[in-house]
*Asks:* 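First, the structure itself, so that you have it in front of you.
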4 protein chains.
Amino acid sequence: MARRRSDDKRERILQAAIKVFARKGYFAARVSEIARKADVADGTIYLYFESKEDLLVSLFDTVMKEHIEQARAELLSAPTVHDKLRVIALHHLRAMGQNRDLAIVFQVELRQSTKFMERFTASWLQDYFALMGAVIEEGQNDGSLRPELPRKVVVKALFGALDEMVTSWVLSRRDYDLEKLAAPVVDLFLKGAASTRVATRRPAPAAAAAQGAR
Amino acid sequence: MARRRSDDKRERILQAAIKVFARKGYFAARVSEIARKADVADGTIYLYFESKEDLLVSLFDTVMKEHIEQARAELLSAPTVHDKLRVIALHHLRAMGQNRDLAIVFQVELRQSTKFMERFTASWLQDYFALMGAVIEEGQNDGSLRPELPRKVVVKALFGALDEMVTSWVLSRRDYDLEKLAAPVVDLFLKGAASTRVATRRPAPAAAAAQGAR
Amino acid sequence: MARRRSDDKRERILQAAIKVFARKGYFAARVSEIARKADVADGTIYLYFESKEDLLVSLFDTVMKEHIEQARAELLSAPTVHDKLRVIALHHLRAMGQNRDLAIVFQVELRQSTKFMERFTASWLQDYFALMGAVIEEGQNDGSLRPELPRKVVVKALFGALDEMVTSWVLSRRDYDLEKLAAPVVDLFLKGAASTRVATRRPAPAAAAAQGAR
Amino acid sequence: MARRRSDDKRERILQAAIKVFARKGYFAARVSEIARKADVADGTIYLYFESKEDLLVSLFDTVMKEHIEQARAELLSAPTVHDKLRVIALHHLRAMGQNRDLAIVFQVELRQSTKFMERFTASWLQDYFALMGAVIEEGQNDGSLRPELPRKVVVKALFGALDEMVTSWVLSRRDYDLEKLAAPVVDLFLKGAASTRVATRRPAPAAAAAQGAR
DNA sequence: GATGAATGAGCGTTCATTCAT
DNA sequence: GATGAATGAACGCTCATTCAT
């Protein structure tokens with residue numbers, strides 16, 4: 001793993017790539033611009049990465065690897081499944097909320113084509129889903145989560161909800177605190193949107209009124 | 001062979017574009033290939049669309065317009081808010097599940113760049129969110145949905161969950177029935193993932209230990 | 001020659017072509033724009049002209065034919081060779097000075113390529129040169145013009161001088177009276193630029209002064 | 001094969017451009033053909049020139065700069081104004097007569113459009129006219145040229161005459177010696193076409209009749 | 001390892017021309 | 001004769017990648 005001086009350049013190139021991909025988009029991003037921003041020659045990039053595409057892929061791999069490792073570490077200190085879900089949500093939103101450029105790359109640029117997405121889905125994203133799936137399974141086993149829900153659907157719903165929070169934030173002009181959404185998202189995820197005091201099925205209008213508010 | 005403008009050429013071009021965009025991706029898609037598949041000359045495309053980009057945008061506009069109109073119509077026959085949410089989920093997943101190529105374009109190709117996404121977010125997607133938001137609001141007003149949940153978060157969570165179902169389906173090699181996921185997604189969304197037998201809030205440490213957490 | 005209604009359309013197309021060629025340049029000129037300006041359909045142009053190129057060529061032919069006929073007519077009333085040269089210069093500059101768009105087409109657009117220029121040179125321009133050459137010859141025969149000057153050079157010099165007056169005028173932003181240049185050009189052409197009072201060959205500075213006037 | 005920039009590539013490209021522009025015309029000239037003839041890749045041209053148009057403009061600038069510098073240098077050794085005019089004419093015709101392709105580009109291709117012509121007129125051509133104008137002015141001051149002639153007209157007439165000699169030569173199939181025309185042109189320019197035995201001004205009607213005009 | 005000049009494949013778009021009506 | 005929708009050939013330029021230095 002020791003690459004000495006090289007590692008510095010590799011890192012500089014990756015950071016430059018995040019900025020340029022985020023600002024210009026993957027296709028419009030110019031390898032020469034990334035090189036300029038990383039302060040290396042165009043050709044040097046090809047000593048560290050196979051191609052422009054490999055640069056994007058490596059970027060995803062590097063960041064996701066670290067993200068998942070961190071998530072795993074944070075989960076250790078969460079006692080209950082519900083806590084774990086809170087940790088996951090918080091970690092997810094915090095990681096993205098801390099680096100808007102990175103978030104742009106992850107929410108938009110990495111989704112260039114089915115080819116890319118399949119590749120990502122098959123790699124670290126699979127691991128991420130597995131991580132979440134394990135927590136769900138644990139909850140279904142220990143009785144803290146409804147066991148009748150199809151596990152995959154639950155995982156995808158949670159991921160999808162978090163993912164949409166990030167996408168909305170990325171596309172929004174306002175720079176609100178993404179992290180703050182973790183609590184309501186997990187609350188919604190765990191307790192659902194339905195009011196518990198009211199029948200889920202169609203109440204007669206009168207009945208609905210009679211049931212009153214809270 | 002009539003020389004009268006229109007015929008069904010515009011529609012043929014759009015259908016061809018969906019297929020080619022889906023298979024090749026927007027950038028890799030060749031206008032000449034779309035033309036060939038639509039059985040028109042390359043130049044003819046430019047009689048109906050301003051540019052390749054306009055083709056993609058028009059495609060989105062055309063489909064979303066119809067989708068939202070249909071959704072609105074179907075909502076009329078749903079008496080309760082919970083029913084309405086079921087209708088939305090079902091309609092969303094059915095529309096995508098019926099045309100895999102279209103789904104690919106919507107889930108992947110349309111999200112190429114912030115430019116596209118901002119544009120889409122600002123147009124029909126806004127309408128779609130508004131439609132969902134109105135249902136949520138109605139539920140919060142009539143007592144069928146928890147009023148304390150931030151409406152925007154609820155909308156995004158629901159959309160995000162549905163969106164992820166579609167994306168997963170698109171990227172999956174298996175051709176399972178996407179529509180079938182509507183029920184568990186809405187169930188999860190309404191009732192939450194937490195088991196009702198267990199407190200949602202962090203249990204007292206003692207209780208947690210007793211439950212055998214972790 | 002009778003073309004009835006057609007002739008009107010042909011003329012309208014030619015007039016529209018002059019305007020569009022002058023404003024846009026031959027290559028940038030669009031056939032459809034000429035058609036619009038002439039108030040005919042695109043395809044109609046091809047009922048009167050073989051191609052865009054033929055339109056330019058026909059334009060030249062039509063205008064030059066008339067120009068030369070007029071010049072010939074005006075020459076009839078000029079008694080001396082010197083007068084005739086004045087008539088030619090005046091007619092040349094007046095014709096161009098009266099229609100700036102036409103002048104632009106003649107001075108610029110008609111000189112697209114050697115192919116065009118060779119074609120023009122070989123046709124009416126040849127006639128125009130012959131017309132001027134005949135006058136020069138007449139002058140050299142009747143003693144009014146120096147017989148030792150090579151006739152072709154004289155013709156080209158006169159034409160070149162007039163041509164440059166028009167080109168300068170066309171490119172100039174100021175809209176001065178082109179016609180007024182006929183007199184000095186002919187004066188220069190006939191009497192030369194040299195002061196008759198001074199030796200043409202290099203005088204010793206002192207000698208030059210000593211030689212004084214005339 | 002050195003990888004160092006420049007080499008003589010820029011020059012090779014310019015020479016190739018002269019040939020291709022001359023044979024095909026500016027519009028019909030293909031950048032790829034210029035590249036092939038210069039023995040470089042298509043893209044290499046764009047390392048040295050901004051665009052096809054810039055190639056034409058640069059060509060003009062490069063050649064005119066040198067031409068004017070040479071003319072200025074040669075003028076130093078010409079003692080009288082008449083000599084200077086001979087130098088200018090000779091230099092003009094010799095420069096063009098030495099490189100037919102270059103002459104074609106200058107006489108034909110550079111005059112494609114008012115856009116080009118205005119640009120050229122405003123740059124080096126202005127300098128060239130100024131150079132000639134200075135000589136004319138000198139002559140009008142030292143008494144060797146008629147002071148009553150409008151200087152601008154004189155300059156344009158001389159330039160126009162020389163220009164037409166070159167254009168005729170370019171369009172002619174015969175490859176006569178262009179340079180040889182310098183002497184008669186200057187002779188005509190200085191002494192005029194009129195026979196000194198005859199009055200330049202319109203003779204009295206009686207006299208004209210006596211001379212047997214027409 | 002690092003450089004950056006050179007490469008050359010690749011494509012969206014235009015528009016003169018055609019021809020069914 | 002007139003129309004104008006449809007055609008499809010044609011090309012300047014970009015930029016990821018290579019490789020001599």
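All chains are named by letter (A, B, ...) in the order of the sequence lines, taking the proteins before the strands, and each is independently numbered beginning at 1. Predicted model, so just to flag it, every value in this text is computed and none were measured.
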*Asks:* Can you check the C:Y26 OH to E:dC15 P distance for me, whole Å?
*Replies:* 13 Å
*Asks:* Do B:D101 and B:R23 pass the salt bridge (Lys or Arg N to Asp or Glu O under 4.0 Å) test, and can you show the C-alpha distance, the side-chain angles, and the key distance before you say yes or no?
*Replies:* CA-CA 8 Å; B:D101 285 332; B:R23 281 155 177 58; 3.0 Å; yes
*Asks:* Report yes if at least one side-chain N or O of B:T44 is closer than 4.0 Å to OP1 or OP2 of F:dT7; otherwise report no.
*Replies:* yes
*Asks:* With respect to the phosphate group of F:dT14, does any side-chain polar atom (N or O) of A:R30 fall under 4.0 Å of OP1 or OP2?
*Replies:* no
*Asks:* B:Y46 OH to F:dA9 C1': how many Å, rounded?
*Replies:* 14 Å
*Asks:* From the list F:dA5, E:dT17, F:dG1, which nucleotide is the closest neighbour of the side chain of C:S51?
*Replies:* E:dT17
*Asks:* Would you indicate what D:A28 reaches in the nucleic acid, counting non-hydrogen atoms under 4.0 angstrom: base, sugar-phosphate, or nothing?
*Replies:* nothing
*Asks:* Starting at atom NZ of C:K52, determine the distance to atom C1' of E:dC15, rounded to an integer number of angstrom.
*Replies:* 8 Å
*Asks:* Starting at atom CZ of A:F27, determine the distance to atom P of E:dG12, rounded to an integer number of angstrom.
*Replies:* 12 Å
*Asks:* I want to check one thing: is the phosphate of F:dA5, taken as OP1 and OP2, less than 4.0 Å away from some side-chain N or O of B:K9?
*Replies:* no
*Asks:* Which nucleotide wins on minimum distance to the side chain of D:L47, given the candidates E:dA2, E:dA6, E:dG4?
*Replies:* E:dA6
*Asks:* Taking a pair as Watson-Crick or G-U wobble with both distances under 3.5 Å, which nucleotide is matched to F:dA6?
*Replies:* E:dT17
*Asks:* Run through D:K19, D:R12, D:E11 and flag the one making a side chain to side chain donor-acceptor pair (under 3.5 Å) with D:Q15.
*Replies:* D:E11
*Asks:* Using the closest heavy atom to pick a nucleotide of DNA chain F for each, name whichever of C:D42 or D:A29 lands nearer the 5' end.
*Replies:* C:D42
*Asks:* For B:I34 and E:dC11, give me the distance from atom CD1 to atom P, rounded to whole Å.
*Replies:* 13 Å
*Asks:* Name the nucleic acid region contacted by B:V31, choosing base, sugar-phosphate or nothing; use a 4.0 angstrom heavy-atom cut-off, strictly under.
*Replies:* base
*Asks:* Can you give me the closest heavy-atom contact between B:K37 and B:A16, atom names plus distance?
*Replies:* CB-CB, 3.8 Å
*Asks:* Check whether any side-chain N or O of A:Y48 sits under 4.0 Å from OP1 or OP2 of E:dA2, and answer yes or no.
*Replies:* yes
*Asks:* Specify whether D:F120 and D:F60 have parallel, tilted or perpendicular ring planes, treating 30° as the upper limit for parallel and 60° as the lower limit for perpendicular.
*Replies:* tilted
*Asks:* Provide, to the nearest angstrom, the distance between the CZ atom belonging to C:R10 and the C1' atom belonging to F:dG1.
*Replies:* 16 Å
*Asks:* Measure the distance from NZ on B:K24 to C1' on E:dG10 and round it to the nearest whole Å.
*Replies:* 14 Å
*Asks:* In whole angstrom, what separates A:E53's CD from F:dC15's P?
*Replies:* 18 Å
*Asks:* Could you tell me whether A:K52 sits above the aromatic face of A:Y46, with NZ or CZ closer than 6.0 angstrom to the six-membered ring centre and within 45 degrees of the axis?
*Replies:* no
